[in-house]
Structures are given as C-alpha cells and as structure tokens.
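Quick notes on the structure that follows.
Not measured: the values here are computed from a predicted model.
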Amino acid sequence: MLPCLAGCATSSPPPPPALAEIPADVRACFEEVTARPGGTGALSQREVVAIIGALRASEMRLSGCGRRLVAFYDAQADALAGRDAR
C-alpha cells in the first residue's frame with residue numbers, strides 16, 4: 001500500500017488573483033458620450049467646424065482614458081506576476 005502524503009487530502013487550489021477595481025475616473029471617462037448635433041437640415045460651415053472640434057476634443061480625452069487604462073492594466077499584470085511596476 002502507498003503511504004499517504006501529509007496534507008494531500010486537505011490541499012486545495014489557490015484562490016484566484018484579486019483584481020483591483022478600475023479607477024472611477026477612468027470608468028467615468030468612458031461613460032461620457034459626445035452629443036449628437038441638434039436641429040434638422042443642413043449644417044452651416046461654422047457648425048461643422050464646431051462639431052469637428054468637439055469630436056477632436058472627445059478623441060483626445062478618450063485617448064487619454066485609454067492610456068490610463070492600459071497603464072492600470074500593466075500595473076495589475078506586473079503586480080500579479082510579482083514584478084516591479086513598469
């Protein structure tokens with residue numbers, strides 16, 4: 001008969017890693033939506049330029065949110081792997 005190793009019967013898999021919550025500012029950033037132009041009919045050149053400016057500002061804001069989210073993810077991955085932050 002094979003001897004039983006101490007603790008074999010009571011061992012269990014390690015718990016899954018705990019992930020930190022996504023920072024509230026990053027979550028809120030992605031929830032904002034650029035407003036749809038109001039009114040009906042053709043837009044004036046001034047309105048088109050204003051819309052393009054608003055869309056560009058939104059794109060820059062979302063790019064910043066994305067960079068913060070990637071940095072957050074990288075820090076989580078490093079922490080779970082036992083590495084120093086990048």
Distance-only donor-acceptor pairs under 3.5 Å for side chains of residues 62-73, two or more places apart:
from : atom 1 : to  : atom 2 : distance (Å)
S63  : OG     : E59 : O      : 3.0
R68  : NE     : D25 : OD2    : 3.4
R68  : NH2    : D25 : OD2    : 3.4

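Within the structure, the salt bridge (Lys or Arg N to Asp or Glu O under 4.0 Å) test picks out the following pairs touching residues 31-42 (sequence neighbours left out): E32-R61.
Listed by chain and residue number, nothing satisfies the salt bridge (Lys or Arg N to Asp or Glu O under 4.0 Å) test with E47 (two or more places apart in sequence, or in another chain). Residues meeting the side chain to side chain contact (heavy atoms under 4.5 Å, CB included) test with L19, sequence neighbours left out: Q76, L80.
Here I52 sits in one hydrophobic cluster together with L43, V48, I51, L55; the rule is ILVMFWY side chains under 4.5 Å apart, joined directly or through other members.
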